[in-house]
Protein chains: 2
Amino acid sequence: MKRNKLWRLRTEEYSKAAFETLSEEGLSGTTVEKVAKRAGVSKTNVLHYFGNKARLLEMALRYGNADLAREVSALLIRSNTPWERVYSVIEANFSRQFFTPKIAHAWLSLLAEIPYNPSYQRIQTAIHQRMRSNLMHALEQLAERERAEEVALAISVMIDGLWLRCGLHEGGIGRDTALQQMELLMESLFPSSPARLAAKARIDEIQSILNPG
Amino acid sequence: MKRNKLWRLRTEEYSKAAFETLSEEGLSGTTVEKVAKRAGVSKTNVLHYFGNKARLLEMALRYGNADLAREVSALLIRSNTPWERVYSVIEANFSRQFFTPKIAHAWLSLLAEIPYNPSYQRIQTAIHQRMRSNLMHALEQLAERERAEEVALAISVMIDGLWLRCGLHEGGIGRDTALQQMELLMESLFPSSPARLAAKARIDEIQSILNPG
DNA sequence: CTAGTTATAGACCAACGAGTCTATAAAAAT
DNA sequence: ATTTTTATAGACTCGTTGGTCTATAACTAG
């Protein structure tokens, strides 16, 4: 069991295939065979790398998060102010490539299994924890700790809720509505803050340069 | 196939059993047999009433919503002002009996299937539509239509997000945190509004009378 | 170049689950 | 009271699925 280049390559490939299958077929419709077929290999081979289905889906969860994490990082390293860091988290979560019903479906499918699988639970906890941490680092410089805590929670809960809606009604909520909702929240939480608005504008611009369309 | 008293009784019983099974076993762990066993009858009998598993789960979804709808109604009919109606929707959604990880799990399980089943989709759309409608009737008397629309969406998205979190991390978010988050949102959206705060207090009181504990 | 290791696939197996068939008990209708 | 309908269950079927066993091809190390 040597973790070669090949090993990493295959696990990445198959995790991706699993994530995509999940998004198209739902949890009940996702079988090891289908994932293998989508990746153009045999079911046995997929099992060879992951051992069992649970670990395959676990890696699919990680895979889906990795994309998002990269997007966040890309914006975060270009941020110079606390407000810019806050908006990095927000914008990354609603990036045009990622905030789509397809991907939201995959998320939903995985989320539904989390309560019944401690392993998924740990991963998801880590994901939420990181989002919270990113927000807190920024918000602590903008408000007292207590308030920063509840604002961070509000932001991340709202993000979750918008993803949920995105996956639920096809064509109901898209990037624009989502960002508008986030802005309604931010403007209410921190009214008339020029620094905030400047940061929003800058991150918005960076985002549209990094990821045009 | 006469829809007798017995018919309604059984469908109600079995829908409930399905909902509970869902919450304890998750979607993948929910089988017709388990639901039947929980209801103390044979699998055949359950199938006799529902025809197939999809319709059983569909009724489970309706069942779960019926409870919530009753709770909302109970508060709504006792409301006298727009603000009270807004808080009726909010409080009902975080009632002590309903806002529990168990129930949130069942919801999550069903939500994950919605994108892949038009029938569930219609039901869920109706549910969201009714929440929106309840909120809009009240909010239109408190703000311009445009603003009412986006505020109604913000409120319901936040409610969804809090339910999601409740189901995700056991012991993470409970009724208190949830209501505190909703209040953060409402206070930010409508700062220093005595009428709003009075309404909140009244509905809170009514709720704790209707549903003590 | 050879020996061992890794990658990949095909056939197979055992479990399980949804739904049907058949039979009988209960109830309703005539 | 008898006949028809409804309710319930047990046995069974058939497809699916996760996972294993076995075989072979490809690659790596010495």
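Put simply, CG on B:L47 is 12 Å from C1' on D:dT8, counting in whole angstrom units. Rounded to a whole Å, the NZ atom of A:K5 is 16 Å from the P atom of D:dC27. The CH2 atom of A:W7 sits 6 Å away from the P atom of C:dA7 (whole-angstrom rounding). Between the NZ atom of A:K34 and the P atom of D:dG18 there is a distance of 10 Å, rounded to whole Å.
When heavy atoms are screened at a 4.0 angstrom cut-off, B:T44 is found touching base atoms of the nucleic acid.
For A:R10, the listed nucleotide lying nearest its side chain is C:dT8; candidates were D:dG18, C:dA18, C:dT8. For A:N4, whose side chain is taken as the heavy atoms from C-beta onward, the closest listed nucleotide among D:dG18, D:dA9, C:dA7 is C:dA7.
Each of B:E25, B:E20, B:E24 was scored for a salt bridge (Lys or Arg N to Asp or Glu O under 4.0 Å) with B:K34, with one residue passing: B:E25.
For A:Y49 and C:dT6, the shortest distance from a side-chain N or O to OP1 or OP2 is not below 4.0 Å. Listed pair B:H48 / D:dA7 meets the phosphate criterion, a side-chain N or O lying under 4.0 Å from OP1 or OP2. Note on B:N52: every side-chain N or O is 4.0 Å or more away from OP1 and OP2 of C:dG19. Between B:N45 and D:dA9, a side-chain N or O to OP1/OP2 separation shorter than 4.0 Å is present.
In terms of polar N and O atoms assigned as donor or acceptor, the side chain of B:K43 never comes within less than 3.5 Å of the base of C:dG17 in a complementary pairing.
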